[in-house]
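For reference, the structure is listed below as structure tokens.
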Amino acid sequence: MLDVDISGKVGEMDFQARFESESGVTSLFGQSGAGKTTLTNMIAGLVRPASGRISLGGTVLFDSAKGTNLPVQQRRIGHVFQDARLFPHLSVKSNLTYARWAGRRSGDRNFTEVVELLGLDTLLQRKPATLSGGEKQRVAIGRALLSDPRLLIMDEPLASLDQARRNDILPYLDRLCVDAGIPILYVSHSIEEVARLSNTLVILSDGRTPAFGPVAEMLTRTDLGRATGRHEAGALVHGKVTEVDENWGLTFVDIGGAVLQIPDLAARRGDTVRLRIRARDVALASEPPKGLSIRNAFPAQITSISEETGPYAEILCALEEQTIRARITRASVADLELAVGKEVTVLVKSVAIDRRQRNLV
Amino acid sequence: MLDVDISGKVGEMDFQARFESESGVTSLFGQSGAGKTTLTNMIAGLVRPASGRISLGGTVLFDSAKGTNLPVQQRRIGHVFQDARLFPHLSVKSNLTYARWAGRRSGDRNFTEVVELLGLDTLLQRKPATLSGGEKQRVAIGRALLSDPRLLIMDEPLASLDQARRNDILPYLDRLCVDAGIPILYVSHSIEEVARLSNTLVILSDGRTPAFGPVAEMLTRTDLGRATGRHEAGALVHGKVTEVDENWGLTFVDIGGAVLQIPDLAARRGDTVRLRIRARDVALASEPPKGLSIRNAFPAQITSISEETGPYAEILCALEEQTIRARITRASVADLELAVGKEVTVLVKSVAIDRRQRNLV
Amino acid sequence: MSFFNLQPDEWQALLLTLRVAAAALAVSLPLAILVAYVLARYRFPGHGVVNALVHLPLVLPPVVTGYVLLLTFGRKGPVGAFLDDVFGISFAFNWTGAALAAGVMAFPLIVRPIRLSFEAVDPKLEEAAKSLGAHRLVSFLTVTLPLALPGILGGAILGFAKAMGEFGATITFVSNIPGETRTLALALYTATQTPSGDLAAFRLTLIAAFVAFAALIASELLARRLKIRLGGDIA
Amino acid sequence: MSFFNLQPDEWQALLLTLRVAAAALAVSLPLAILVAYVLARYRFPGHGVVNALVHLPLVLPPVVTGYVLLLTFGRKGPVGAFLDDVFGISFAFNWTGAALAAGVMAFPLIVRPIRLSFEAVDPKLEEAAKSLGAHRLVSFLTVTLPLALPGILGGAILGFAKAMGEFGATITFVSNIPGETRTLALALYTATQTPSGDLAAFRLTLIAAFVAFAALIASELLARRLKIRLGGDIA
Amino acid sequence: LTVFAAASTREAMERIGAAFEEETGTPVVFSFAGTGTLARQVEAGAPADLFVSADADWMDYAVEEDAVLPESVRLIASNALVLIGPADGSPLELKAAEIAALLDGERLAIADPETVPAGRYGRASLEKLGLWQEVSGQLAPMENVRVALASVARGDTPLGLVYRTDAAIEPGVAVLAELPQDSHPEIEYLAALTGTPPTQQAQTFLAYLTGPQAQEILQSLGFVTDKVE
Ligand SMILES: Nc1ncnc2c1ncn2[C@@H]1O[C@H](COP(=O)(O)OP(=O)(O)OP(=O)(O)O)[C@@H](O)[C@H]1O
Ligand SMILES: Nc1ncnc2c1ncn2[C@@H]1O[C@H](COP(=O)(O)OP(=O)(O)OP(=O)(O)O)[C@@H](O)[C@H]1O
Ligand SMILES: [Mg+2]
Ligand SMILES: [Mg+2]
């Protein structure tokens with residue numbers, strides 16, 4: 001889908017980025033100053049790379065070898081800028097519909113729907129200068145959504161939004177990506193968001209892309225610890241909904257070798273879903289425990305134990321084809337005499353599993 | 001310390017805020033558009049409230065009854081604006097030292113220290129226009145820190161910073177507050193940050209302050225669910241370090257009635273510490289389990305069960321004077337036959353407890 | 001006749017002045033916007049020359065500018081003769097000529113503030129417009145131009161005032177013919193030419209000042225509305 | 001004498017012009033900055049009147065302005081007599097008078113761009129400066145003024161060009177004395193007023209155009225450096 | 001009927017125009033400006049029927065450039081030069097010492113001797129009288145006679161050199177001395193027809209200018225009319 005291989009220079013920094021991603025959400029993840037905004041600007045056509053090639057779903061946007069450089073307005077990339085960049089002289093409404101009346105992009109996305117999603121109903125007649133920080137950001141998101149884009153670039157769009165609002169917007173983006181088939185390039189500092197949303201993860205560090213790949217794979221890579229942030233390591237598993245228990249508000253997901261109970265997953269029986277299970281939320285037991293509030297307990301086999309210095313140990317457990325990642329103290333590893341190959345019981349609290357869904361292709 | 005009781009009007013919204021806070025960090029928490037920025041602007045003297053009174057550590061900053069309205073530059077409030085507001089014509093260095101050369105505020109905070117903390121060493125000669133989003137924010141923080149303030153207002157200062165950088169800055173702010181005795185008014189959407197940092201929590205909602213108080217108390221209040229964000233509810237407990245196990249990297253904290261094992265807490269024996277335990281990280285067992293990687297298991301008594309609709313139940317457990325909050329599925333509540341007054345075993349994963357410390361007064 | 005009633009010839013001069021200034025502005029403003037935009041946004045080899053040409057009417061004494069106009073746009077001048085032959089347009093000794101002179105003299109005053117405003121418009125907003133599909137011209141019309149409105153208004157008011165007061169180039173180019181080219185400024189000059197004209201001169205000065213005052217007030221009100229429209233603080 | 005060698009009287013006029021324009025600018029610029037700031041940032045009852053007064057020299061024919069100057073700053077004029085008695089400063093028929101006339105005429109042209117620039121400076125930056133302890137004047141000098149520099153430069157260049165070319169008010173106020181008040185513009189006028197003066201007029205036009213061109217180029221370079229200094233995109 | 005007339009003749013021309021209109025019913029429109037400006041405009045094809053010059057040189061220029069009909073050039077009046085002072089001034093003898101004493105370091109207001117005809121004549125006269133050396137360093141050359149007159153009236157300059165016609169209508173000044181008629185070239189106001197072919201009305205007005213009614217008006221304003229045929 002999106003295929004990038006470019007190099008250039010930003011200020012003092014040599015810039016060299018290469019990644020490919022399939023449809024869905026591609027996250028750009030990296031420290032402040034790593035070059036994320038620069039990379040998105042190059043893809044959008046606002047900064048010209050020194051050399052290389054960018055193509056999006058078959059269309060070549062930039063190719064230094066052939067001298068191709070599609071102008072910004074022809075790239076049809078909806079861009080949520082890090083600094084909202086609203087038009088100060090236009091009302092919120094005119095900002096939102098700018099692409100329609102000025103860009104002649106019809107698009108069939110529903111205006112009312114977007115306005116409601118972003119909670120902008122009462123702000124439509126206002127000027128950007130009177131909006132709060134979060135309100136500005138929401139208008140910027142709406143404006144890009146309504147521009148009928150072929151690709152949506154979002155540069156830290158949720159940075160100043162509260163959790164409740166994020167929880168509204170993220171599933172929408174998710175849906176957008178799947179239903180409308182619009183790929184999203186998502187810049188974020190929050191590994192939570194990244195893991196929740198993305199299919200492909202691109203790590204950016206000092207203007208380079210040391211690694212990219214499917215997010216599940218990237219999140220279990222232990223060599224990217226610093227970039228992904230240790231506290232938030234985890235694993236993605238996929239499974240099929242086998243039962244929805246209306247009474248207790250629980251959904252049962254068969255991940256192959258175990259059935260997980262998850263709160264209130266808005267899915268129907270038969271759906272394929274993807275779950276993120278954080279390593280810090282996983283406990284291990286040497287034998288199946290009893291009388292515990294933890295509802296998910298299933299056997300698995302330890303495939304790797306990486307004891308870092310400090311109090312932690314990272315443990316990967318195989319469960320048929322899937323891998324679960326656990327972080328426990330080194331002390332517990334010793335106490336329970338854990339070792340590679342040993343059978344253990346994996347414990348996961350139901351409430352710890354993110355409420356999210358994705359139909360995998 | 002900071003004593004606010006003001007009312008006014010912002011756009012269409014009636015604004016009425018009242019809170020008091022002691023020294024330390026006071027967090028302003030509320031949804032986007034709740035009026036947080038407006039409130040900080042009133043305290044800083046940039047927006048004039050219609051009526052009311054603001055005093056800071058004995059100095060009256062504003063008093064409509066007496067006609068007092070101290071001008072901004074005399075309030076000595078370091079302000080990290082939501083929109084960094086760097087001076088575009090000045091280098092990063094001149095921005096950072098502005099308060100010294102233009103504001104004649106000497107201040108003994110060490111320039112090099114602040115620059116290093118914020119990772120600005122290589123940016124000192126640059127102009128703000130060439131900085132990345134996160135870099136701008138860091139310069140803004142540095143500029144306020146170096147202005148020798150009597151109060152530090154930080155309006156979502158860490159919104160576009162990555163986790164690693166946050167982990168550097170938060171303890172510094174913590175230290176600043178304690179060592180230098182500078183109170184901080186902190187605006188944030190992240191209950192994580194709020195809980196980690198603040199002494200007092202002020203909830204702001206639609207221009208009103210429905211509640212404020214010590215953060216521990218506020219976080220266990222179940223009526224503020226929506227404002228504090230359900231996923232992140234939890235409890236604060238305090239305790240005393242009784243032992244530091246260098247070998248396993250564990251610290252033992254006696255919270256009265258139980259000794260918790262916590263990874264790598266940078267504390268010494270005898271220190272008083274404060275721990276945040278998220279409700280979602282707490283599991284309950286009807287009898288003490290065995291062979292579990294979960295190291296913290298201690299008896300407590302159920303004092304309240306609030307079953308919301310949906311899959312969750314919130315349970316408060318008393319442990320001598322302290323309260324632990326647990327979130328488990330309603331299904332488990334039924335399975336384990338939990339009821340108020342029942343003795344249960346509380347399970348908390350060691351790795352789930354935030355690495356943080358505060359010397360309580 | 002009371003002191004406050006305008007005499008017919010005063011009315012005539014006043015209306016003519018307004019017509020001349022309005023026509024001068026109507027023609028120079030669009031051109032000035034174009035030139036200001038080009039000077040603000042592009043660097044090209046002839047940049048300095050264009051810039052100097054724009055300012056030249058300011059540096060030369062108006063009489064010289066008027067004389068140059070007379071030589072080029074006069075009935076016998078190369079451009080004047082061509083326009084007359086081909087389009088039947090003549091600037092010689094009529095009010096359109098006065099408007100031309102006023103427009104040329106006001107041009108540098110209009111260009112500079114507009115150029116400043118264009119330079120102050122953040123190109124990032126234009127980038128945003130383009131990313132939303134607006135082509136160059138559309139993004140100019142919907143973003144850059146509205147944001148530069150304060151400067152355009154500022155340039156227009158300077159230009160209008162200058163066009164109203166223009167004297168040297170006008171009298172040299174199109175002479176001082178009542179009802180045709182005798183604007184308030186020329187009438188004022190005529191009145192000062194004889195000692196007995198003092199009262200008339202004083203009256204004309206008041207009229208000119210009054211019109212200018214009205215134009216300024218109108219422009220200030222417009223500017224304030226604009227500022228509100230542009231979303232500045234209402235407080 | 002070759003065509004390209006300046007004659008002594010041309011040199012004299014050129015140097016005098018530069019001196020007059022520089023002096024006019026030196027005096028009006030600070031005042032213009034003050035007035036522009038006040039007009040940009042404050043609303044007060046006399047706002048419209050001040051604004052109109054500033055623009056008046058633009059609207060009136062220069063001869064009238066010169067005449068008014070003569071009446072007020074002449075040796076017997078109220079202000080002129082006072083200045084003469086108290087400070088021994090006299091504007092009558094000397095180059096300082098020429099500078100005064102040029103300054104007055106250039107004033108509205110200087111004020112407008114500066115005012116625009118002041119209006120474009122985000123008051124939020126001033127707030128930030130104050131929150132860092134800078135008092136009003138300091139925050140003006142360290143934040144507002146530097147950010148308004150493009151407009152100040154723009155106003156200065158307009159004013160300088162106008163001061164160089166000022167003619168009507170100057171000749172009326174301080175007459176046309178070679179070596180004392182005969183600037184290039186006046187010399188040029190003198191040349192056009194004699195039937196045989198065409199060549200001389202042409203030479204003087206070239207000189208004036210050349211000086212203006214040099215000043216403009218210098219100001220453009222300065223503006224570009226400024227833009228870089230203000231942190232615009234270097235690319 | 002459009003007449004381009006030197007600005008200094010305004011008062012007279014407007015009265016003559018009014019009288020002419022009363023008599024013939026033909027309205028006359030005047031365009032007043034400096035003689036030089038008008039001459040160049042006439043040359044450039046201005047829609048003037050008549051050109052009234054305050055200066056013979058510019059009329060010569062117009063004739064040379066074929067801007068006016070040479071045979072139609074006609075003298076309509078002459079003028080004289082006077083030295084004026086404040087209204088309460090006492091008569092002056094045309095001697096260097098007296099003039100210097102009166103000036104006392106201040107300036108002599110005069111129309112610009114290089115550009116304005118009045119100045120040129122004044123200079124010629126002063127040279128002839130041997131006074132030029134004395135005063136040339138103390139001149140205040142004005143853009144036109146009117147300003148010179150005003151500056152004397154206001155007391156900015158103690159002495160001014162103007163036309164007699166100007167002095168006659170400004171009550172704030174007194175004539176201190178008349179410059180002898182023979183000390184300067186004849187100060188001639190010349191009129192000529194411009195258009196080819198000239199209209200009947202233009203010819204009538206040209207004739208009217210030298211007729212008794214016009215001459216009377218000119219005389220009443222202080223012009224010298226005895227040389228007009
Ligand atoms: N014009 C410029 N001149 C010099 N350096 C620049 C320029 N523009 C960007 N940089 C530098 O390039 C680096 C990458 O910037 P970029 O904005 O892409 O970072 P980012 O990854 O988006 O960071 P953030 O998360 O803080 O927004 C930064 O260190 C920045 O300072
Ligand atoms: N000048 C104004 N005119 C009208 N409404 C305004 C104005 N300024 C602020 N508001 C409104 O007041 C409310 C409070 O704004 P404020 O900036 O204080 O919110 P906030 O809590 O800081 O939000 P955020 O977290 O998004 O920054 C918002 O709904 C905003 O739209
Ligand atoms: Mg960025
Ligand atoms: Mg805010």
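The structure presented is a predicted model; accordingly, all values stated were derived computationally and were not measured. Naming convention: chains lettered A, B, ... in sequence-line order (proteins, then strands); numbering from 1 in each chain.
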### Message
Quick check for you: among C/Glu119, C/Arg112, C/Lys162, C/Met164, which has the greatest number of heavy-atom pairs under 4.5 Å with chain D?
### Response
C/Arg112
#### Entry: Shortest non-hydrogen separation from C/Ala52 to D/Phe213 and the atoms involved
CB-CD1, 3.0 Å
#### Entry: Region of D/Leu56 in contact with chain C, defined by heavy-atom distances below 4.5 Å
side chain
### Check: C/Leu186 and D/Pro61 side chains under 4.5 Å, non-hydrogen atoms
no
### Residue, of C/Thr17, C/Val59, C/Leu153, that accumulates the most heavy atom pairs under 4.5 Å with chain D
C/Val59
### Query
Of all of C/Ala212, C/Gly154, C/Ala208, which one pairs up most often with chain D through heavy atoms under 4.5 Å apart?
C/Gly154
### Query
If every non-hydrogen atom of C/Pro113 is compared with every non-hydrogen atom of D/Leu116, which pair is closest and at what distance?
CB-CD1, 3.4 Å
### Query
In terms of heavy-atom proximity below 4.5 Å to chain C, should D/Val64 be classed as side chain, backbone, both, or neither?
side chain
### D/Ile157 versus chain C, the contacting section by heavy-atom distance below 4.5 Å
side chain
### Summary
Scanning both residues in full, the closest heavy-atom pair of D/Pro62 with C/Gly165 reads CD-O, 4.3 Å
### Summary
Interatomic distance, OH@D/Tyr189 vs CG@C/Leu60, rounded to 0.5 Å, equals 15.5 Å
### Query
Run the side-chain contact (heavy atoms from CB on, under 4.5 Å) check on C/Val68 and D/Thr205 step by step: do they pass?
CA-CA 11 Å; C/Val68 171; D/Thr205 304; over 6 Å; no
### Query
Top residue by heavy-atom pair count (under 4.5 Å) with chain D, among C/Thr172, C/Val63, C/Leu158, C/Thr170?
C/Leu158
#### Entry: D/Leu188 CG to C/Tyr67 OH distance, which is reported to the nearest 0.5 Å
11.5 Å
### Message
Taking side chain as everything from C-beta outward and backbone as N, CA, C, O, which of these in D/Ile217 sits under 4.5 Å from a heavy atom of chain C? Side chain, backbone, both or neither.
### Response
side chain
